[in-house]
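Worksheet for the structure shown next.
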Amino acid sequence: NAGVTQTPKFQVLKTGQSMTLQCAQDMNHNSMYWYRQDPGMGLRLIYYSASEGTTDKGEVPNGYNVSRLNKREFSLRLESAAPSQTSVYFCASSVLEGLAYNEQFFGPGTRLTVL
Amino acid sequence: SQQGEEDPQALSIQEGENATMNCSYKTSINNLQWYRQNSGRGLVHLILIRSNEREKHSGRLRVTLDTSKKSSSLLITASRAADTASYFCATGIQGAQKLVFGQGTRLTINP
C-alpha cells in the first residue's frame, strides 16, 4: 500500500496563477484533510472532508477550494495564488469513529513557493 | 490562539537522557495524540490517549493525560540520535470532527 500520496512534491507559481494539489489514499479511510505548515509553526487546517460528499472549512480556508472527488481523492485548489500562500501543504486521512478521530496518516507534503 | 501549546519550544539533551515535552489545551477533548516530524517530512503518529485514560506506554514512549489540568506530557526514555525531530500534540475536540495541532517542540539529541 502506498498510504497517502501527494502531487506535485514541489511547485513554484507566480502571483495570480492557479493550481491544484492532488491527494489520494488507498487505506479506505472516510476522512481527509488539507493542512499548511509555515516555518517554525504547527499545522493549520485549511479544509477537511469528514466523509465522501462533504467538505468543511478549517482554520484558514480563505484563498482555497477543495473537491472530494471520491473516497480516495481530495484535491486542494488555489484559484489566484498569493505570496502569503507560500508554505508546505500536507494531506492526511483518517478513519472516523463516531465523532472521535483516530490517528491521521500524512502524505509527504508539497512545497509551494509563490513569487 | 492555538488549542494545543507545547512546552518547551526547543529541547536539547545528550543521548541516553530522557526527554519530556508538555502540551496544554483549552477545551474538552475526545483524545490527545502525539506526532513526530522529521525535517522536511510528513508527520508520523506516535501514540493516542483517550480522555478517560491517564497514562499510556508504547516502547520508549510514555504519555500522561490530566484532563482536570487540561495537560499532557510525552516522555521519551533513553533517547537516541534518531529521536531528533519535532514533536506535536494534537487534540481531538469534543463535538468537532477534526484535530487541532500545537506548534511543536523541536528536540535535538546530541551524541
Side-chain angles (χ1 to χ4, degrees), chain A residues 2-7 9-10 21 23 25 27 29-51 54-61 66 68 87-111, chain B residues 1-10 21 23-53 56 58 61 63 65 85-107:
Chain A
V4 179
T5 57
Q6 292 182 237
T7 56
K9 287 188 169 54
F10 301 93
L21 282 64
C23 174
Q25 52 92 9
M27 296 173 283
H29 286 168
N30 316 90
S31 306
M32 298 184 74
Y33 316 81
W34 276 106
Y35 296 91
R36 62 177 287 174
Q37 184 178 34
D38 299 305
M41 300 282 288
L43 274 68
R44 291 186 290 171
L45 183 64
I46 304 171
Y47 271 94
Y48 65 106
S49 171
S51 59
T54 69
T55 59
D56 287 284
K57 294 178 180 179
E59 185 184 355
V60 288
V66 290
R68 183 74 183 266
S87 189
V88 181
Y89 291 85
F90 290 101
C91 177
S93 70
S94 176
V95 172
L96 173 60
E97 190 175 81
L99 287 179
Y101 278 70
N102 288 320
E103 64 180 290
Q104 293 190 6
F105 293 80
F106 282 79
T110 294
R111 292 183 177 277
Chain B
S1 61
Q2 295 279 0
Q3 154 76 342
E5 295 187 359
E6 279 105 328
D7 172 58
Q9 290 188 337
M21 288 158 271
C23 172
S24 60
Y25 59 92
K26 296 176 181 172
T27 61
S28 295
I29 62 172
N30 284 316
N31 62 60
L32 188 143
Q33 304 179 30
W34 286 90
Y35 288 80
R36 184 185 73 227
Q37 183 181 36
N38 290 93
S39 182
R41 303 283 189 92
L43 278 69
V44 173
H45 182 263
L46 294 175
I47 196 164
L48 179 154
I49 186 165
R50 302 195 187 280
S51 58
N52 60 354
E53 297 174 313
K56 204 160 184 181
S58 176
L61 306 181
V63 170
L65 179 64
S86 292
Y87 292 81
F88 295 90
C89 71
T91 48
I93 301 171
Q94 267 188 9
Q97 297 175 324
K98 57 187 178 182
L99 291 179
V100 179
F101 285 80
Q103 293 185 326
T105 292
R106 180 159 183 78
L107 175 64

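Chain naming here is simple, since letters A, B, ... match the order of the sequence lines and numbering starts at 1 in each.
- Checked options A:Tyr33, A:Phe90, A:Tyr35; the residue passing with B:Phe101 is A:Tyr35 (criterion: ring pair (Phe, Tyr, Trp, His ring centres under 6.0 Å)).
- If you measure heavy-atom distances from A:Gln37 to chain B, the contacts under 4.5 Å come from the side chain alone.
- Contact of the B:Leu99 side chain with the A:Tyr48 side chain is not registered, since no non-hydrogen atoms from C-beta on lie closer than 4.5 Å.
- When heavy atoms are compared at a cutoff of 4.5 Å, B:Gln9 does not approach chain A at all.
- With contacts defined as side-chain heavy-atom distances shorter than 4.5 Å, the pair A:Phe106/B:His45 does not qualify.
- Contacts of A:Phe105 with chain B are absent, with no heavy-atom separation under 4.5 Å from either backbone or side chain.
- If you check the side chains of A:Gln104 and B:Gln33, you find no donor sitting under 3.5 Å from an acceptor.
- Note that the CG atom of B:Asn31 and the CD atom of A:Glu103 stand 10.5 Å from one another [nearest 0.5 Å].
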